[in-house]
Amino acid sequence: MTTTRVEMKDVHKQYGSNDVIKGVDLQVQDNEVVVLIGPSGAGKSTVLRMMNGLETTTSGEIIIDGQDIAHAGVNIDKVRKNIGMVFQHFNLFPNMSVLDNITLAPVELGMQSKADAETTGRELLETVGLSEKADAKPASLSGGQKQRVAIARALAMQPDIMLFDEPTSALDPEMVGDVLEVMRKLAKGGMTMVIVTHEMGFAREVADRVVFFGDGKILEQGTPEQIFDHPQHERLQSFLSKVMNA
Amino acid sequence: MVLKHKLFWSVLVASLISIMAFVAPKQVKAAEQQPTYTIGTDVTFAPFEFANAKNKYVGIDIDLMKAIAKKENFKVVIKPVGFNAAVQAVEADQMDAVIAGMSITPERKKVLAMSDPYYKSGVVMAVKKDSNIKSLKDLKGKRIAVKTGTSSADYANSIKKKYGFSVVTFDDSNNVYQDVTTGNSVACFEDQPVMQYGIATGLKLKIVTKPALSGYYGIAVAKKSKAALLPKINAGIKALKADGTYDKIVAKYLGNGTIASQKKKNAATQDSDHSFIGLLKSNWGTLMGGLGETLILTIVAIITATIIGILIGLLGVVPNKFAQGTATTFIYIFRGLPLLVLALFIYTGIPSLTGTKIPAFVAGIITLTLNEGAYTAAFVKGGIGAVNVGQMEAARSLGLPWGKAMRRVILPQGIKIMIPSFINQFIITLKDTSILSVIGLLELTQTGKIIIARNMEGFKIWTMVALIYLIIITVLTWLSNWVQKKINA
C-alpha cells in the first residue's frame, strides 16, 4: 500500500496579471523519487517551493500528508518539520559551526536534547562524509561540502519528504559527484524525494518518475525511460536535444 | 535684563524644581527659628548674577538678597536655575521669590507680587571701538543686534522705522556682542549695567548713547509667600538703601559708574589670567562638571536609544502590516523632527498638555531616545533586510517559527552589518547632547555658555569646548573599534 505524500490539485499562481503557474496537478507517493526538469522559468522551482509553503498560491490545493497547506490558518511550521529542503545556494548559517547548523532546529524545537542532537548530528556528518568538519565554520568549506552539510541539516529533523532545489547548480563540476552520491544513498534508503535538477544522467538513474515542465505547466511525465528515450511532447524533445548536446 | 514672560517657555526646568520641592522642606526643618526662603535667579546675567572664577554665584542680586535676609532675619537658599525657570517656579509657588534683574512691568504685576524697585536701569547703544556711529541717526540702512525677548529688543523694534535700521536677534548676549565686533551688525542695544560690565571685562565696544527707556528692577514674590516675605523684602531694600549697604554692593560690581573703575572691581570676580592656559586652568573644574553631565546624558541616551531602536527596528521587519506601519511612522516622525524642536516640544509642550512637569534631564533623555532611536531603528531595519533572504527561508524550512529564526539566525548576522552604524550613532548621540543646552541642562555646551557670560572670552572657551568634544569622540571611536574587533574576531 502506498500513501500519497504530496498532492497538488489545479494549482495556479499569478504575480499581478502575470500567470506563473497555470494549473499544476502532481502527486508524490511515499518512497517515490520525483525529478522535475524543464527550461529555466518553466516553474519547476516555484512548484517545489510551494510544497513547503515558501511560495504562496493563487488558487488550488496542496495537500501534504492529508492537510491542505495552501489555506490560511495552517501551522506551517509543523508541516515544515516533516519536509526537508535543500537550496541551490546552500543557505548554511554562517554565524554557527557546522554542527550547530545541524543541531539548531531539533534543539530549538525541543525535539532532542543538545547532547542527543549533537550525537545525531555527528552521525549525519559521517553519512555525508564530513565528520571532521563538525566544528568548522561554513565559510571554510567548499561548495560541495556546504551542500552536504545542508543535506545533513535537513535530515536532522528526520523528515519524511526531502525537497531539492537545483542542489548542484551552484557547484564546480568536480564537486557535483559527492553531493549526488549522498542523494543517491538517500534515494536507495527509501526517502521520498522531489528534486529539481539539470543533471539528466542523475535524473535517469535515481528517478522513479520524471516530470517535464514548460511554461508553468506539466507538459509530460513518466518513467525515466519514457521521458528520455521516447519523449512525446515536441517541447520535451527540443529541450532534451539541447541539454544532451550541451 | 527684561526678558519677558514667554508663552513658548510656559513650562520650566522642572527637574530643578522637583529637586527644590524635595530639598526645601528639609531646610525649613533645619532652620529653628528663622524661616528659610528659596530664591531663584538667572545663570548668566553679569553683573547681577554670574558664576565667578571659582564657579560660585555672585553679583549685585546675590549680595543684595543675602543682605536683605540678614537685615530682616531670615535665611535664603539661592538657586541659579535660569531666568525663565525661576519665574515659572515662582508662578507655580515652587519657589518663594526670584531676583534676576527683573523689570517691574504692569504685565508682571498682574501675575506676581513685585517688590519696591531696587535698581534703575535703561537701554544703551554700544558700537565697535573704532566705529564712527555716534547716535541713533547714524543707523539708517544699517543692522543692529539685540538679545531675544529683552526690553532692548522691544526698544529697538519700537524705533527701527523712525531711524530706518533693521534688527537681528540672538538668544545669547555674547552672540549679540560678537555680531558687533565682527562687523556684521554696526551696533547693539543692551541694559546699561550689563553693557558696562561686558566692556569692562574686555569687549571691544563703547557705549555711545544715554540710557533710554528707563525701568526699575524688582524682586518677584510667589503668592504663597507674599504675606510673609514681601513686607520683609521691601523693608530690607529700604533699610539697606538708607544705611549705605546698597550703594556698597552696587559699587562692588559697577565701581563708580566709569568703565575704568569697573575694570578694577571685576578683578575680584574674574579669571585673573585671560590667556588660553590661564582660562583653561581656572575653568577646568567647571568644564569637567559639564563634561560629566554630557557623558551621563550620552551613556544613558545610548542605552535607551539602542533598546528603543532595536525594538522599533524589529517591529519594522515583523511580517505584519500594523507592526511595520508603526515602525515606519515612528521613524518618519522622529527622524523628521529637528532635535531642537523635539527637545523644546517635549520639555515645554508635553507638560502644558498633561499638567505634569518633566525634569530637564528626563526630557533630554526622552528627546535623545526618540531621535537617536529613530535613526537606530532605521539602520536596524536595514541591517536585518541586508541579510540574505535565503537565510530566513532555510531557517523557516527547518520548521523554526519566525521569532526563533530571527533571533538565532538573522539577528546575529544583521548585528554584524549594523555595528559600524551603531558606532556612528553613538558619536552622533554624544554630539547631539549639546543641543540639550536649550532646555537648561548643564552639559558641556551650556557650561561653555555660562563661562563666556562671565568672561566674554567666546573664542577661547569655545575652542576648549570643541577640543574636549573631539578628545571624547576620539576615545569613543577608539573604544568602539576595539569592541568591533572583539566581536568580529
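These numbers come from the heavy atoms of this one structure, side chains and all, not from hydrogens, waters or symmetry mates. Naming convention: chains lettered A, B, ... in sequence-line order (proteins, then strands); numbering from 1 in each chain.
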Legend entry - Region of A:F93 in contact with chain B, defined by heavy-atom distances below 4.5 Å: both
Legend entry - N/O donor-acceptor pair under 3.5 Å between B:Q391 side chain and A:L92 backbone: yes
Legend entry - Smallest separation among heavy atoms of A:F87 and B:S397, with atom names: CZ-OG, 3.5 Å
Legend entry - Atom group of A:L54 that falls short of 4.5 Å from chain B, counting heavy atoms: side chain
Legend entry - Where A:L104 and B:L400 come nearest, the two heavy atoms and their spacing: CD2-CD1, 3.7 Å
Legend entry - Toward chain A, the part of B:A405 with a non-hydrogen atom under 4.5 Å: neither
Inset, instruction - Select, from A:E108, A:M157, A:H89, A:R49, the one with the greatest count of heavy-atom pairs under 4.5 Å involving chain B. - result: A:E108
Inset, instruction - Could you tell me the separation between the CG atom of B:L398 and the CG atom of A:N52, rounded to the nearest 0.5 Å? - result: 10.0 Å
Inset, instruction - Select, from A:R153, A:K81, A:K78, the one with the greatest count of heavy-atom pairs under 4.5 Å involving chain B. - result: A:R153
Inset, instruction - Determine the minimum heavy-atom distance between B:P401 and A:L109, stating which atoms define it. - result: CD-CD2, 3.8 Å
Inset, instruction - Answer yes or no: are there more than 12 heavy-atom neighbours, outside B:K431 itself, under 6.0 Å from its atom NZ? - result: no
Inset, instruction - For A:E126, look at atom CD and say whether over 12 heavy atoms of other residues, nucleotides or ligands are found less than 6.0 Å away. - result: no
Inset, instruction - Hey, could you give me the CZ/CZ distance between A:R80 and B:R396, rounded to the nearest 0.5 Å? - result: 5.0 Å
Legend entry - A:N95 side chain to B:R408 backbone, donor-acceptor under 3.5 Å: yes
